[in-house]
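Position 1 is the first residue of the sequence; numbering continues from there.
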Amino acid sequence: MKETKKTAAKAAVKAEAAKVENVVKNAAEKAAPVVKAAEKKATAAAKAVAEKKVPGRKPAVKANIAVQFAGKSYTTEDLLKIAKDVWKYDLSGEEKDFKSVDLFVKPEEKKVYYVINGDVYGNFAI
């Protein structure tokens, strides 16, 4: 009789486990379309944000600017590189701390005046 109770208890536990497994399986099947729909909405929203254009903004114009005087020519990139070198080597500044620069070219003086990060003033010869 003890064996029959044990067998019956085991069978009951197995049956209960099968019911729980079916409930979980059914819940997962029901949730799958909802999850897929949410993923589609999120993907569509991300694409819409990526493709959205800001009204009133025109595409950037690519410009090449050079200052020429006394047989010399300097592009904006050349002057920026020189300013960075002044910051790094002459002023012992860290490259990561070079945030902004304003350059003022005075060809008649053969100098470029600079303002680095809004508070460091100086000039260099060109």
Side-chain angles (χ1 to χ4, degrees):
M1 207 174 276
K2 287 183 180 179
E3 272 188 42
T4 338
K5 287 183 181 178
K6 285 183 181 178
T7 307
K10 283 183 181 180
V13 168
K14 283 184 180 180
E16 202 58 39
K19 286 181 187 177
V20 170
E21 189 175 308
N22 282 336
V23 168
V24 170
K25 188 176 182 181
N26 288 338
E29 288 174 357
K30 288 180 182 176
V34 174
V35 170
K36 286 181 182 178
E39 287 175 347
K40 285 182 182 177
K41 283 183 181 178
T43 303
K47 283 182 182 177
V49 168
E51 292 175 357
K52 186 175 180 180
K53 295 183 179 178
V54 177
R57 288 189 107 182
K58 294 181 180 179
V61 175
K62 182 168 173 66
N64 294 317
I65 300 171
V67 177
Q68 295 180 340
F69 65 97
K72 298 178 184 179
S73 179
Y74 293 96
T75 64
T76 53
E77 290 83 16
D78 295 337
L79 297 173
L80 182 60
K81 183 184 179 327
I82 294 169
K84 284 182 180 180
D85 288 345
V86 167
W87 172 256
K88 187 174 179 182
Y89 299 112
D90 296 343
L91 301 174
S92 301
E94 295 280 330
E95 202 169 316
K96 64 180 175 140
D97 295 332
F98 188 88
K99 304 288 184 200
S100 67
V101 65
D102 295 318
L103 299 174
F104 305 92
V105 181
K106 301 270 303 224
E108 65 275 6
E109 295 178 17
K110 296 183 182 174
K111 291 195 181 253
V112 176
Y113 293 88
Y114 60 81
V115 180
I116 298 175
N117 296 337
D119 61 354
V120 179
Y121 300 87
N123 64 65
F124 55 86
I126 51 173

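Atom CG of N64 sits about 8.5 Å away from atom OG1 of T75, to the nearest 0.5 Å. Once rounded to the nearest 0.5 Å, the distance linking CG of D78 with OG1 of T76 reads 8.0 Å.
For K111, the salt bridge (charged side-chain N to carboxylate O under 4.0 Å, His left out) criterion is met by no residue, not counting sequence neighbours. Scored by the salt bridge (charged side-chain N to carboxylate O under 4.0 Å, His left out) test, D85 finds K81 as partners (sequence neighbours excluded). Shown here are the salt bridge (charged side-chain N to carboxylate O under 4.0 Å, His left out) partners of K106, two or more places apart in sequence or in another chain: E108, E109. Under the rule for a side chain to side chain contact (heavy atoms under 4.5 Å, CB included), the partners of N117 that lie at least two apart in sequence or sit in another chain are W87, K99, S100, D119. Shown here are the salt bridge (charged side-chain N to carboxylate O under 4.0 Å, His left out) partners of E77, two or more places apart in sequence or in another chain: there are none.
The minimum heavy-atom distance between I116 and A83, with the atom names listed, is CD1-O, 4.2 Å. Across all non-hydrogen atoms, the minimal contact from L79 to F124 is O-CZ, 4.0 Å. Nearest heavy-atom pair across I126 and Y74 is C-OH, 3.4 Å.
Sorted by first then second residue, the salt bridge (Lys or Arg N to Asp or Glu O under 4.0 Å) pairs that include residues 89-98, not counting sequence neighbours, are K88-E95.
Linking ILVMFWY residues whenever their side-chain heavy atoms come closer than 4.5 Å, directly or via other members, leaves Y113 and V120 in distinct clusters. The hydrophobic cluster containing F104 also contains Y121, counting ILVMFWY residues as joined when their side-chain heavy atoms lie under 4.5 angstrom apart, directly or transitively. Side-chain heavy atoms closer than 4.5 Å link hydrophobic residues (I, L, V, M, F, W, Y) into clusters, and following such links, even through other members, never connects V115 to L91.
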